[in-house]
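Side chains included, hydrogens not; waters and symmetry mates left out as well; all remaining heavy atoms used. None of these values were measured; they are calculated from a predicted model.
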Amino acid sequence: MNKTELVDKIAAAAGLTKADSKKALDATLNAIKEALAANDKVALVGFGTFAVSERPAREGINPQSKEKIMIEAKKVVKFKAGAELNAAL
């Protein structure tokens, strides 16, 4: 499912126009993005939790040249599915 299809589903389920559904989805995604950028956790009960995790620097290998390289430390987003989501699958 892509974003347009999700907007269509939201509009149908909530009885909103597609424009209003797109605004609501964009606002939701933006709020999640801002919270994660501030290093906060976003917990949606029954759905799951988004959290920021830090990966340490490590040594890797360039697959083309087989040369050792240093991979920098970085932050990544992790998602842990909630019980209701897991049960639905």
Side-chain angles (χ1 to χ4, degrees):
M1 175 183 293
N2 63 29
K3 188 174 179 180
T4 304
E5 293 168 341
L6 183 57
V7 167
D8 292 343
K9 292 239 180 212
I10 292 169
L16 300 171
T17 65
K18 288 183 184 180
D20 287 342
S21 297
K22 184 179 183 317
K23 286 180 192 176
L25 179 60
D26 289 340
T28 302
L29 296 177
N30 195 35
I32 292 171
K33 185 183 352 173
E34 288 174 0
L36 292 172
N39 215 22
D40 286 341
K41 232 192 249 193
V42 178
L44 304 172
V45 177
F47 183 73
T49 303
F50 295 92
V52 177
S53 178
E54 293 192 28
R55 284 194 185 158
R58 59 191 167 94
E59 193 175 90
I61 298 175
N62 181 333
Q64 290 181 338
S65 66
K66 308 297 183 210
E67 182 181 325
K68 290 186 178 185
I69 57 172
M70 278 305 294
I71 300 170
E72 295 181 10
K74 67 178 182 177
K75 292 182 179 183
V76 294
V77 176
K78 294 202 174 184
F79 176 76
K80 183 177 180 195
E84 288 179 32
L85 180 58
N86 280 331
L89 302 177

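Val76 and Phe50 are not part of a single hydrophobic cluster, where members link through side-chain heavy atoms under 4.5 Å apart. When hydrophobic clusters are built by joining Ile, Leu, Val, Met, Phe, Trp and Tyr residues whose side-chain heavy atoms come closer than 4.5 Å, directly or via intermediates, Met1 is grouped together with Leu25. When hydrophobic clusters are built by joining Ile, Leu, Val, Met, Phe, Trp and Tyr residues whose side-chain heavy atoms come closer than 4.5 Å, directly or via intermediates, Leu6 is not grouped with Val42. Note: the hydrophobic cluster containing Leu29 does not contain Phe47 (ILVMFWY, side chain heavy atoms under 4.5 Å, direct or indirect links).
A distance of 9.0 Å separates CD1 in Ile61 from CD1 in Ile69, rounded to the nearest 0.5 Å. Here the CG atom belonging to Asp20 is positioned 11.5 Å from the CD1 atom belonging to Ile10, to the nearest 0.5 angstrom. In this structure, Thr49 OG1 and Lys78 NZ are separated by 13.5 Å, a value rounded to the nearest 0.5 Å. Note: Asp26 CG to Lys3 NZ = 3.5 Å, rounded to the nearest 0.5 Å. To the nearest 0.5 Å, atom CZ of residue Arg58 and atom CD1 of residue Ile71 are 4.0 Å apart.
Nearest heavy-atom pair across Val7 and Lys18 is CG1-O, 3.4 Å. A pairwise comparison of heavy atoms in Ala73 and Ala57 identifies CB-N, 3.6 Å as the closest pair.
At a threshold of 4.5 Å between non-hydrogen side-chain atoms, the residues Leu85 and Lys80 do not count as touching.
Other residues, nucleotides and ligands place more than 12 heavy atoms under 6.0 Å from the CD atom of Glu5.
The side chain to side chain donor-acceptor pair (under 3.5 Å) contacts involving residues 31-41 comprise Asn30-Glu34, where partners must be two or more places apart or lie in separate chains.
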